[in-house]
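First comes the structure, then the notes that go with it.
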Amino acid sequence: MAVELCLLLLLLFCGSTVSEVQPIYKPPPGTLDFGFVPAKTYDTGAYHEPGPIGILFKIVHAFLYLVQPNPFPQDLIRKVAQQKFGNTQGDYQKPENVVLTLQAIYYEIGFIVSAALGLLFILLLPLVGLCFCMCRCCDNCGGEMHQRQKKNADCQRSCFATFLFVASLIISIGVLCAYAANQHLTSQVRGAKKLVNSNFKDLKVFLNDTPAQIDYLVSQYNTTKDKALSDLNNVGPLLGSRVQEQLGKEVRPALDAALTMAGAIRETKEALENVSVSVEVLQEGTERLHANLTDVKMHLSNTLNDSACSAAQAASTCNIIRNSLNQLNINANFSGLPGVSSQLAKVNDVLKIDLSSLVQKGYAAFNDTPDLVVNQTKNILSAVPYIKNVLESIGSNISSFTKTLPVQKILADLTIYLTQSEAYVQDYFPLVEQYDFYRWLGCLILCCMVVLIVVFYYLGLLCGTCGYDKHASPTTRGCISNTGGNFLMAGVGFSFLFSWVLMIVVVLTFVTGGNVEKLVCEPFEDKTLFKVLDTPYLLNQQWKNYLSGMLFKNPNINLTFEKVYSDCKENKGIYTSLHLEHLFNINEFLNISMYTEDVALRIEHIQINLSKIILLDEIGKENLLNFSSSGIDGINFGAYLTEINKSVTKVDLLSFANDLEARADQLPKGALENALKGHANNIRMIHNQQVVPLEQAMSTLNQSIRLLKRTSSELMVKVKNVISAVNAAQLLINNNASLVIVQETKKYMDTIVGYFEQYIDWVKESIAMEVAACKPIANVIDTAVDIFLCSYVTDSVNTFWFGLGGSSIFLIPAIIFAVKLSKYYRRMDTEDVYDDVETIPMKNTENGNNGYHKEHLYGIHNPVITSSVEQW
């Protein structure tokens, strides 16, 4: 709750806030899940998009960069702020102050020159207008209502009209920019009420949400406590399974090897029995096969001695068959193979003891490890109530400590302050809107001044262009053309009257808005403004760090505006951002080491004895040794494999029978052919009834012999390795199990303590990143400076003077072109007269008054000049 206290104090300093959606909490990896820290959503976003007028803002920014391209003068501002200027004249004449003044002038040289030009405009333009009027009253400066006609008069008139139109168009664009900026500022001021209300709403949500977050952190201690108590209540099974898992790394492979050897003994017995039976079958079978093949050869020989074989057609075939009779004989001889009865008898003696059952007893004894641990950890269960009381006291201490802080009172005071502030804003906002209306009206009047001038120029161009008759003389111009000239001169007159007023407003807003943009808005955007504020001893000559001195009354704490703003911009917790550990150290508040040490001491006194576990007794070991000396390694495997690799007969009887039948088909039809085919069928029957069973017996013998060969290979070494592994595992249980138990007990203790450490780490992480996340504090600064001051006010003001100033400047060329052009549109009193023959203007000196005389022709006032040629 102390974190909450400091948060609320900061909010008092900030005044209002703009908030955002809080990030979703992701619990740290581990066995405990503390859920998500409750977080509310906020309505306000600290971002402003100006819309289409943003193009004008960018143009004004580019113009300001041309006027003031120098970077933000950090060192100059620091020195000026730290420099003491007294009231005496001598303080300002000190060398260091003079240098600072010159540096400031150098930085502001662009604004100074521009303002000087504006002041020159303000002073000279009314003076020039006064002189211009007096000059015209004396029939000078274009005041004489006489126009000398020139050959390029039409070209000059067109050029003056074009230039005036272009100038008027530029003036119109400038006044439109000023009007748009004026309207934009008014609309933003009116919309600020909604933003303010949204800020107050988010601030209330922020205040109400922070205590709920801290209460949630405190309540999650029960999750840790319940998990620790659950593990303590199951200390036997949990610790026993841990001990069993560690011992099993040595015990299980040893028992598995012994069990594998027991299976090998059974397989060896089966293999020996198969060898004994197979050899007997093969011996008897080969004797019968030999007798039958001998009988077949004899009958075949008798058949081939028949007179039919003497015929020319059968003689060669019979000779071929007679020569192949020697192939009908057995190939493998199994009568000389040694027996395995002695080995089989010894293996049967070994199997009288059930080694597998002995190994299974070892498995069962080892699997009872958790039960042994349960029976021997009952002293821990007796200590569970004490540990439970300790854990309950920790939770009570946390809850009682949070209640000692006057959080509710602070919340109530802040709520009252917030309500009063909101009421104050609501009461005075109409006054702000009223003053903004006066400002809007004044700016609108300034725009109307320019519009009035431009309207006169446009009307003058319209009437003058439409009413101009190039065939009419200057004294006979029409009423519309004359009206156009009068409009132009009216525009000139209003230009002299209004231009200096416009320029005064432009200079004042230019100097103010331009410097705010360069000295506040731009350095705020790149955070250089914060670096200036963080200068040691700048804001307070006694404090190295102003922010820490103001919050903690300790200026030596390294707490800077830039760091706080950056952390809040990243939405870190206010505890981390403001370094509130100097006010309230969360580590001391969450220090429960003395309690965990007590719990650890209770657990470390566990004494467990596993000597009752017998993996394999001496009978089983002796049984393994007897198997290794059973003599299977003395079997002559080479003799067996030699005979097994042979075929039963020298020739494949089926192939021989088929070949015999094919040769019989080559003989003439008769008794000989039929007899040979009968012998072929007899050979096939012998193969099926005698050779096939013999081949099956040979396959069984082959598998058994090879199994026995693999089993007997280094059998003594294998048995000794199994016995050594079992002895090593038994030694580990008898002598080193205590060390394993101590290690696992320590790990178990670390697990119990780790629950609290995980809770503490989660609380720290939540307080640092989620509880009272200070993104709203950064938002309120962004809203006040970046959005309201810079985007709403400064950009609009700068765009206003940019448009109005451009219009004022282009009034000068417009005045010149309007005066020149009005001469071509207005009706003159006198004009030049040309001779119709020689077209040479001649001056009549007899009429006086510069040779002009007046004469009424057809009721039209028209001056006539007589030619001196007529006098000749």
Side-chain angles (χ1 to χ4, degrees), residues 48 50 53-78 80-81 100-123 170 173-186 188-189 436 439-440 442-443 446-447 450 499-529 532-533 784-811:
H48 172 67
I53 200 173
I55 300 175
L56 294 178
F57 292 167
K58 293 181 180 179
I59 294 174
V60 174
H61 292 166
F63 177 77
L64 285 175
Y65 179 78
L66 293 176
V67 175
Q68 175 56 282
N70 299 320
F72 181 67
Q74 299 183 42
D75 296 335
L76 177 60
I77 293 178
R78 291 190 184 100
V80 171
L100 290 178
T101 303
L102 293 176
Q103 290 178 349
I105 293 174
Y106 175 77
Y107 175 77
E108 292 284 342
I109 189 65
F111 287 105
I112 293 174
V113 172
S114 300
L117 294 176
L119 293 176
L120 191 63
F121 182 96
I122 295 170
L123 295 176
I170 295 175
I173 295 174
V175 75
L176 287 176
C177 292
Y179 177 78
N182 187 38
Q183 289 296 118
H184 180 265
L185 179 56
T186 298
Q188 297 304 326
V189 170
D436 180 70
R439 178 208 56 78
W440 172 83
C443 294
L446 294 175
C447 293
V450 182
S499 59
W500 64 278
V501 178
L502 299 175
M503 188 54 66
I504 289 176
V505 176
V506 169
V507 170
L508 293 178
T509 54
F510 165 72
V511 173
T512 304
N515 279 286
V516 170
E517 175 67 27
K518 302 300 290 188
L519 297 177
V520 177
C521 296
E522 290 185 2
F524 176 81
E525 185 176 357
D526 58 16
K527 299 181 182 180
T528 54
L529 187 62
V532 174
L533 294 177
V785 180
D786 187 44
I787 296 179
F788 189 79
L789 177 61
C790 296
S791 297
Y792 285 2
V793 178
T794 304
D795 284 344
S796 299
V797 170
N798 287 339
T799 304
F800 180 78
W801 63 250
F802 181 77
L804 196 63
S807 299
S808 301
I809 292 174
F810 275 91
L811 286 177

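This structure is a prediction, so every number in the text was calculated from the model and none was measured. What you see below is based on every heavy atom in this structure, not just the backbone, and it leaves out hydrogens, waters and symmetry mates.
Sparse packing is recorded around CZ of F788, with 12 or fewer heavy atoms of other residues, nucleotides or ligands lying under 6.0 Å away. More than 12 heavy atoms of other residues, nucleotides or ligands lie within 6.0 Å of NZ in K527, so this atom counts as buried by the packing criterion. Remark: Q74 CD is packed, more than 12 non-hydrogen atoms of other residues, nucleotides or ligands lying under 6.0 Å away. Annotation for L66: atom CG counts as buried by contact number, over 12 foreign heavy atoms lying within 6.0 Å.
Considering only heavy atoms from C-beta on, T186 comes within 4.5 Å of R439 through its side chain. Proximity of S114 to V511: side-chain heavy atoms (C-beta onward) are nowhere separated by under 4.5 Å. Under the 4.5 Å side-chain criterion, counting only non-hydrogen atoms from C-beta, V506 is not in contact with F121. Taking the side chain as every heavy atom from C-beta outward, L64 and F111 approach each other to under 4.5 Å. Looking at L804 and V450, their side chains come closer than 4.5 Å, going by heavy atoms from C-beta outward.
Here Y106 contributes atom OH and L76 contributes atom CG; the two are 12.0 Å apart, rounded to the nearest 0.5 Å. Distance check: L529 CG to E522 CD gives 12.0 Å after rounding to the nearest 0.5 Å. In this structure, D795 CG and I53 CD1 are separated by 9.0 Å, a value rounded to the nearest 0.5 Å. To the nearest 0.5 angstrom, L533 atom CG is 10.0 Å from T528 atom OG1. We find the CD1-OG distance between I809 and S499 to be 11.5 Å, quoted to the nearest 0.5 Å. With rounding to the nearest 0.5 angstrom, the CE atom of M503 is 9.5 Å from the CG atom of L117.
What you find for P523 and D526 is that their closest heavy atoms are O-OD1, 2.8 Å. For Q188 against Y792, the heavy-atom pair with the smallest separation is OE1-CE1, 3.0 Å. Residues I77 and F72 share a closest heavy-atom pair of CD1-CZ, 3.3 Å. Closest approach of G118 to V507, counting heavy atoms only: CA-CG2, 3.8 Å. Here the shortest heavy-atom pairing between C177 and T799 reads O-CG2, 4.1 Å.
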CA sep, side-chain torsions, deciding dist, call: C443, F800, side-chain contact (heavy atoms from CB on, under 4.5 Å): CA-CA 9 Å; C443 294; F800 180 78; 3.6 Å; yes
Worked verdict on V797 versus E517 for side-chain contact (heavy atoms from CB on, under 4.5 Å): CA-CA 10 Å; V797 170; E517 175 67 27; over 6 Å; no
Step-by-step side-chain contact (heavy atoms from CB on, under 4.5 Å) determination, V505 to W801: CA-CA 8 Å; V505 176; W801 63 250; over 6 Å; no
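Ring geometry, F57 versus H184: the interplanar angle exceeds 60°, so the pair is classed perpendicular (tilted spans 30 to 60°).
Proximity of a side-chain donor or acceptor of N182 to a complementary backbone N or O of A178 within less than 3.5 Å is not detected. The backbone N or O of D786 lies less than 3.5 Å from a partner atom in the side chain of S791, making a donor-acceptor pair. Q68 contributes a side-chain N or O that, together with a main-chain N or O of Y107, makes up a donor-acceptor pair within less than 3.5 Å. Side-chain atoms of T794 come within 3.5 Å of backbone N or O of L789 as a donor-acceptor pair.
No side-chain donor-acceptor contact under 3.5 Å links N798 and H61.
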